[in-house]
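Working notes, beginning with the structure itself.
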Amino acid sequence: MAFPSALFIFVLPLFLVISPTLSTNSEGNALHALRSRLFDPKNVLQSWDPTLVNPCTWFHVTCDSNNHVVRLDLGNSNISGSLGRELGELKHLQYLELYRNNIIGKIPKELGNLESLVSMDLYGNKFEGKIPKSFAKLKSLRFLRLNDNKLTGSIPRELTKLSNLKVFDVSNNDLCGTIPVDGPFGSFPMESYANNKLKGPELKGLVPYDFGC
Amino acid sequence: MRKAMGNLHVATLLSFNFWLLIVQFQLCHTQKIYSNTSCIERERKALLKFRESLIDESHHLSSWCGENCCSWEGIGCSKSNGHVVKLDLHNQFPFDPSRYFYDVIYANSYSTTCLGGEISPSLLELEHLQYLDLSMNNFSGIPIPTFLGSLRNLRYLDLSSAGFEGMVPDDLGNLSRLKYLHLGDTPQGWSFGSDFTLTAKDLWWIAKLSSLESLDLSGVQIVNKGDWLHAVNMLPSLLSLTLAGCDLKTIPPVSHINFTSLTSLDLKGNGFSSPIPLWFSNMTSLMNLHLEGNYFFGPIPDSLLQLTSLTLLHLSSNSFRTSLPDSLCNLSSLAYVDLSFNHFQGSLPVCLGKLSSLTILHVHSNEFSGTIPTSLGQLTKLQRLRLADNPFTGMLSDFHFANLRELKILDISSTLLSWNVSSMWIPPFQLQYIHMGSTKLGPPFPSWLQTQREVNTLIMSNASISDTIPDWFEKVYSQIHYLDLSTNNITGKPPVFKEINTFDRLIIFYSNKFEGSLVSFPPNAVAFDASRNLLTGNIPPLDGNSEIPLILRYLHLNDNQLTGSIPDCICNIQSLFTLDLSNNQLTGRVPLCLGKLQQLKTLNLRNNSLSGHIPNSLGYMEPLVYLLLSKNKFHGELPWKMQNMKNLQVLDLGENGLSGILPAWICNGLSNLRILRLQSNNLEGNISMQFCHLKDLQVLNLAHNKLEGKIPTCFGNLSAMVSTESDITPFAFYLTRHPQKLSNFMKGRELEYSTNLPYLRSLELSGNNLVGEVPEELMDLVGLQSLTLSNNHLSGRIPDKIGNLKQLESLDLSRNELSGSIPLSLSTIDTLSYLNLSFNNLSGRIPTGNQLQTLNDPSSFEGNSGLCGKPLLKTCPDDKSPDGNKSSGRHEAGEESYFSWFFAGIGPGFAVGFSAVCGILTFKKSWRYAYFQFMENVYNRLWLAIALKTSKLQRKFSRCI
């Protein structure tokens, strides 16, 4: 077919429209990635449709008025599997409620990126490995419950910087070393540390905090 | 793809009528090859008798008149002795399986062209018959006549796709001269969807047909199939073997095969689950190999790669999880390669470019990766290239297409490929089908598309195009059949389309930035979706040309900025299934004539500025399933005619100015309702008990009206809200192109639900004048995710059984007159993420528990002067200390608490006291070791003593309390 090639020399100017940054559904993607790691026998995650513009109508997910995810409520939901680094994408998350499930593996250090977090309830699972030092970045954290897991290692001293921490519970794990005494750690009851291999309070200058680890 | 193929053969009714004309014209004038020979009377009579028992609706056999039966339609006589040797009555009407199943008109036309009835034994008079073909007819389930086994001279027998049913008679095994035996079903397709199934008890009767060259038993169910291969192995002359869809399951082992001359082997759809057998290498003449639709796995064996005559290799829909060997390229005759729908891995071999005969290359829906070899550009005969749905990466350049002059179909959708061709590129091909959806195509609009003048399908959805639609687009693509530009950032005026002769035109460009007004609807489109753009102006008038039947079924103009009123002419599109004009700025009244849209299933006019009454005529739209008119300015009462809308599942009339008594007829007439939203109107009266009859109701929103009286106790019977089933009937979203959106007030804000709507169960009665107690029966609605009763005058206690609502995510009972304590059971709802009990008269301690301790916003409880405990600042009278930070989300603390905080103070003391010692220890290594050894012992002993003492003390202390 004959098409005048001259026309191509004057191909209509193609305006390169610089698209405004599309509000991508990164939080939805993160949650969807989480779903793909989890086994969900009770089908509590069936409403998690990744094709929606945001995850705000997914059950067990709550958003603020800007459609940012602020709560993830999956306590006692019979889910198993492990967590991944993608949870760190939920920059506006305030409540991470994953208590009393069968989640295994390490606590991702990326959870330390959840700078708005007020409450992290991971108790009653099968988490192992160490408590991430990155939790020291959770400046708003008030409730941190990690009890009834299989966590090992020592309580990171960096957590003493969490000045808003009101509740801290690591009982029934396999933690070792000594118990911090600085910052909010001066006021937590002893029950919070029960059933570990902890060696008593930190004797500063005398005993290294990972004494006995 | 089916759509594209449909487009490729645009065989319409017109051609059918034309064909009929030709047939009629040929009546009694047929010129047949053996027409000069005169006919033997006995055979003529036998043929007439044979015809008598046939049903011949379209008069194929009307030429069977006169003395010379050798000149009749379908009859052939021997030149030497005049005997009838050939009877060919196969249906010549072109059969298209996909049309047959989806196009009722075509299916009916086809059916009338079929011969039916009985097969008369008078055929036995035709002793010299060598050729019998009754294929592609419809004998409606009669068995294959046993007497056919007595036609000893038969060489050719074709009864395929002719509607025979039942056992295949073993007697056919007596036809020892048979070279061609076809009994199979639908030879073109491989969905063996025929109503009639033939069965054979085994295949051993075939073993006697030693002259057989072509055998087709597709779709025949074989009862004893274990040794099928051994029976077939008795046929050394076999050239073509087709056993498609016979459900053979296994390929039995054989030591050697006898049918080494085979040129065509078709074993598709048999459920074989094994590697490809080694004996395949002995079929050295094999040209066509169909193995698709099985579960073959393993590597592509060398045995296959030695078949150098192979021209067609169809391995689609198997379980291959291997990479392609380079030796595949030695099969230089290959013309048709289909490897789609497997798990093939690795990259495409570069040497594929050597397969110079290749016309079709289908590798889509695999796990191929890597770049596309540029050598593909040397495949001068390539017509179809489908790379879609593989994680291919890299660039496609003009080299990839350098010599693809014959290419008609190109599908690179859902790959990670991007384009690197100059804006001046003139491709060598003229494509008909282009699918580049879900690839990185943009940002500029691909300018090479302006050279493509024969395209009937162009799919470029979700292709990252951010550009103005080029001026040439309308010129080049105005006659396109299927266009999908959705989900890009294309700006400019929406293109205008010209009339074409088709019944399946789809024009889709939702989610772009097209602006300006719509000039016209695309003529003869079935679906037109311009939603979610920036379109302004009025809804265009329909074209005056009444010649074209209106076949538009889906019209989506929602989420634009359209103004003006809804034109009356919309009512003329009586084919409409879906009319979605929501989220525009339309004004004026709803056309009264809308009731004429008798096919309409979805009417969405939500969020406009429409006014006036809701017309009574809507009540005549009986098939309507979704009626969404919320967020407009409608006033007046609900038209009572609406109770005729028996199929209605979603009725959304919220946020209007509707008034009058809340009608009870809703419950009687609209018994299939799943979602009822009447909120924010001025409806009055009581909530009728009749609402409890709505068994499918899962969302009820009557909030913000002027309703009075009590909440009916029978609400506990709303069985859809009682159900916690997770497998819920989805809404019939297929009726629309997008799931319909609905907002629901939940968790203190308005949330817009679409695909999740089927899962939602919500009861909202807030903002009325309801009195009385919260009925205990509401606590039976255990499927509820949201319960909102705020802003009423409800009194009494919160039912103790509130903890039954285990799915509840949002509970709002605020601003009522509720009293008493908050039930402890509330703490057992693990899903609760929003709680508002504020401004009631509640009292006592706020319960704590797993989830309640995360709902720590004091505003949830404020305005209840009697409440105390966390998260309020007010402590309860029986609290030990205001600082009792008990974490209740844990098991009972261990009884043995090793030490007390008192002793923690010792630490700094030690530090000061021994700082001098430490100084020495830092510098003297041996002292250091000794000291720490000592210290550890001391410390351990000290710690033990302290621990013992502490626990004693503590026990004593707790006993005192």
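Residue numbers start from 1 in every chain, and the chains themselves are labelled A, B, ... in the order their sequence lines are given, proteins ahead of strands.
Taken to the nearest 0.5 Å, the OG atom of B:Ser833 stands 11.0 Å off from the CZ atom of A:Phe59. B:Asn856 CG to A:Lys166 NZ: the interatomic distance, rounded to the nearest 0.5 Å, is 11.0 Å. Considering SG of A:Cys56 and CD of B:Glu752, their distance stands at 11.0 Å, rounded to 0.5 Å. Here CG of B:Leu855 is found 9.5 Å from OG of A:Ser119. Values are rounded to the nearest 0.5 Å. If you take CD on B:Glu809 and OG1 on A:Thr62, they are separated by 6.5 Å, rounding to the nearest 0.5 Å. Between the CG atom of B:Asn756 and the CH2 atom of A:Trp48 there is a distance of 11.5 Å, given to the nearest 0.5 Å.
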How far apart are the C-alpha atoms of B:Tyr759 and A:Gln46, what are their side-chain angles, what is the distance that settles it, and do they pass the side-chain contact (heavy atoms from CB on, under 4.5 Å) test? CA-CA 9 Å; B:Tyr759 307 117; A:Gln46 69 174 349; 3.4 Å; yes
Report the C-alpha separation of B:Lys806 and A:Asn76 in whole Å, then their side-chain angles, then the decisive distance to 0.1 Å, and conclude whether the side-chain contact (heavy atoms from CB on, under 4.5 Å) test is met. CA-CA 11 Å; B:Lys806 288 276 187 278; A:Asn76 216 352; over 6 Å; no
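Of the possible polar contacts, none joining the B:Lys747 side chain to the A:Cys63 backbone as a donor-acceptor pair under 3.5 Å is found.
Of the N and O atoms on the side chains of B:Asn850 and A:Arg145, not one donor lies less than 3.5 Å from an acceptor on the other residue.
Residue A:Val61 touches chain B through its backbone alone, counting heavy-atom pairs closer than 4.5 Å. Contacts of A:Asn54 with chain B are absent, with no heavy-atom separation under 4.5 Å from either backbone or side chain. Of the atoms belonging to B:Gln785, it is side-chain heavy atoms, and not backbone ones, that fall under 4.5 Å from chain A.
Among pairs with a residue in residues 66-80 of chain A, those fulfilling salt bridge (charged side-chain N to carboxylate O under 4.0 Å, His left out) read A:Arg71-A:Asp73, at least two apart in sequence or across chains.
The greatest number of non-hydrogen atom pairs below 4.5 Å with chain A, out of B:Thr831, B:Thr854, B:Leu751, is found for B:Thr854.
Proximity of A:Thr57 to B:Ser754: side-chain heavy atoms (C-beta onward) are nowhere separated by under 4.5 Å.
For NZ of A:Lys139, the number of neighbouring non-hydrogen atoms (other residues, nucleotides, ligands) closer than 6.0 Å is greater than 12.
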